[in-house]
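First comes the structure, then the notes that go with it.
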Amino acid sequence: MESKILEIIGLNAYYGDHLVLKNINMAFSEKKATAIMGPSGCGKSTLIRTLNRMHEMNPGARVEGEILLHGENILTINPIMLRRKIGMVFQRPNPFPTMSIYDNVIAGYKLNSVNLSKLEKDQIVEKSLKSSALWGEVKDLLHRRGTFLSGGQQQRLCIARALAMNPDVLLLDEPTSALDPKATMHIEELIVELKKEVTTILVTHNIAQAGRVADYTAFMYLGELVEFGTTEKLFTVPSDKRTEEYLSGKFG
Amino acid sequence: MSDKKKDKMKKIVNRAVRKNIWKDRVFEALVIFFSLLSIVPLIFILSYIFAKGFPKLFIPEFWVGIPPAGQSKTAIEAVGMNVGGIANGIIGTFLIVFMGGLIAVPFGVLTGVYLAENRQSKIANAIHVAVDMIQGIPSIIFGIFVNIWWVTTMKGGYSAIAGSVSLALMMLPIVIKSTEETMILIPDSLKEAAMALGTPYYKVLLRIVIPAGLSGIVTGVLVGLTRIAGETAPLLFTAFGNPNINVNVTEPMETLPTLIYNNARSASPNLIENAWGASAALVIIVLVLNIFTKVVVNKWKVKF
C-alpha cells in the first residue's frame, strides 16, 4: 500500500448557509496524480481550494472536519505556512506582470523575504524551469517580463513558480481550461513527468484529461464525493450509476 | 407592382435618403463647430497670457530675482522702480506643493487601497460619502479651516506647512479616487497567485497589488499636484506670502498664485507686468506636469 500524504476526514464546506461540500472522505497517495472531475458547480474547485485554505478568501466561507497533511491538521496551522507546502496553479495563467520571468520563478522566496545568494537563486530558477519544461524556451529571456509569453508558456511559468517552493503537494485548478489544444497537451505531459517529484491533485472538467494523466480519479456530483478509485477501475468498471452516466456523457 | 409604381417608389426613397444624408452632414458640422468653439477660450487665455508675460520670461533677473528688499509695496508702486523677480514664488510653490503631496499621498493611497479591498464594508461606504463631500467643498473653506485650526488656535502662525496642509486636503480625494479606481481593475487572480505562494497579506498589497497599479496611482498623484499647484484661495489664509526667498516651512512663504494675486491687484504697471510673467511661468509649470502625467500613463502601464 502506498503512503498517504494528504487525508480528508468528514469535510463539510459552507458558503454562508449554503452547504457546498458534503462529508468528503478521501486520501491522496504520495507522488501520484489524482484527478477530481465532475460537472460545473459540483464543488470540485471548492474542495481543492480548501486544501491550501484559499477558500478563506471568499467572505462567509467555513469548513468542518479535518484535513491531515503528514498527519497534521492543516485547518489549525497558519495558512501562510501551509501555502508554502501546498502550491497551487490556477485556471488562468497569472504570472506577476511587474516581474521578470526570473523574478516570477523566485517570487515565493522574495515575497517571503528569504535571502538567497545569487547562485542559489540561479539554481532554483533553472531547476524549476526545467521541471516545468520551460527552460529551453526562455533561458535567454529570463530578465524580460513574463507577460509576452504565450498562454501555455505563462501557465508553465506559473507551475515553475509553484515548484520553486518545493511543495509537498501541487494543486492544479483546471490548469488547461484557458489554453489551446497544443498547450494543453504540453501541460498534460508535464503533469505526468511531475509525478516523479511531487504529489499532484488536478481538478478538471475534461474526462479524457483525467484518463490520460491521473493514477487516481474522483468523481464529484452536487457536493458529494460519488466515487474515488484508481483511474483504470473508475473508467472501466464504475461502481456508481451516476459515474457511469457522467462518463458516457449523459450529463455534465 | 407595375414598373411605373416601382420607379415612383424609388424616387421617393431616394429623396428621403438624400435628405437624411444632408442632415447627417449638418449634424457632423455642428459637432465639429461646437468642439472647436469650446477650445477657443483656452487658446485665447494661453495666447493672452503668453503675449503679456512672454517678454518677462527672457529676463534672467525675473527667474532668479526677488522683490527689492527694504521697500514697501506702496513705495515700489510710487517710485515705479524695478520690481524684481519671482524666485521666491517659484521656490515656494514647489516646496508647498511638494509637501502637500507628501502629506496627501500616504493617506490617499492607503485609503484608496482600503476602499478597493473592502468594497462591501460599511466603513468603506461612509468613507466614500466623506470623500465625495471633501471634493465638493470650495477651496477657500480649506484655507479658512486651516487658518482657524492651525494658524490661530494652535498658534502655528502663517506658515508654508499650514499652506501645505490645506492643499493636501484638496488633493486627498483625487488621490483616493484614482487609487481606488486603479485597484479595482487589478484582477483578483494576481492576488490569489501571491496568496497561494504563502505571501503575507501586507506583502501581497505592497509588492504585488500596488506595483501593478502604480501607473494609475502616480497619474492620480500628478493630477492632484497639478490641481493644487494653481490654488490661491487656501494659501492666502495659510502660507500668506513673503517677499524674500524662504525655505523655513514654519514661516510665511510666497507662492506663484499668491504673488500673482497680490501684484495683479496693484495699480503699478510694473507690478501688473510682473503678474503676467508669473502667470506665464505658472502655466508652463502646470503644462509640463500635465505632459509628464500623460507620458507616465503610457510608459508605466502594466499589461495583465
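Residue numbers start from 1 in every chain, and the chains themselves are labelled A, B, ... in the order their sequence lines are given, proteins ahead of strands.
- Only the backbone of A:Pro95 comes within less than 4.5 Å of a heavy atom in chain B; its side chain stays farther off.
- Salt-bridge check for A:Arg49 with B:Glu192: passed, with a basic side-chain N closer than 4.0 Å to an acidic carboxylate O.
- For a residue to count as touching a neighbouring chain, one of its non-hydrogen atoms must lie under 4.5 Å from one of that chain's; by this rule A:Lys110 touches chain B with backbone and side chain alike.
- Neither the backbone nor the side chain of A:Arg53 comes within contact range of chain B; no heavy atoms are under 4.5 Å apart.
- Heavy atoms of A:Met99 lying under 4.5 Å from chain B belong exclusively to its side chain.
- Along residues 59-77 of chain A, no residue comes nearer than 4.5 angstrom to chain B, judged on non-hydrogen atoms.
- Only the backbone of A:Ile86 comes within contact range of chain B, with heavy atoms under 4.5 Å apart.
- Contacts from residues 194-210 of chain B to chain A, taken as heavy-atom pairs separated by less than 4.5 Å, involve B:Ala194, B:Met195, B:Ala196, B:Leu197, B:Gly198, B:Thr199, B:Pro200, B:Lys203, B:Arg207, B:Ile208 in sequence order.
- Ranked by heavy-atom pairs under 4.5 Å with chain B, the list A:Lys85, A:Met88, A:Met54 is led by A:Met54.
- B:Ser189 approaches A:Asn94 most closely through the heavy-atom pair O-ND2, 2.9 Å.
- For A:Phe90, the part lying under 4.5 angstrom from a heavy atom of chain B is the side chain only.
- With chain B as the partner, the residue from A:Ala162, A:Ser113, A:Cys158 showing the most heavy-atom pairs under 4.5 Å is A:Ser113.
- Around CG of A:Asn115, the count of heavy atoms belonging to other residues, nucleotides or ligands within 6.0 Å does not exceed 12.
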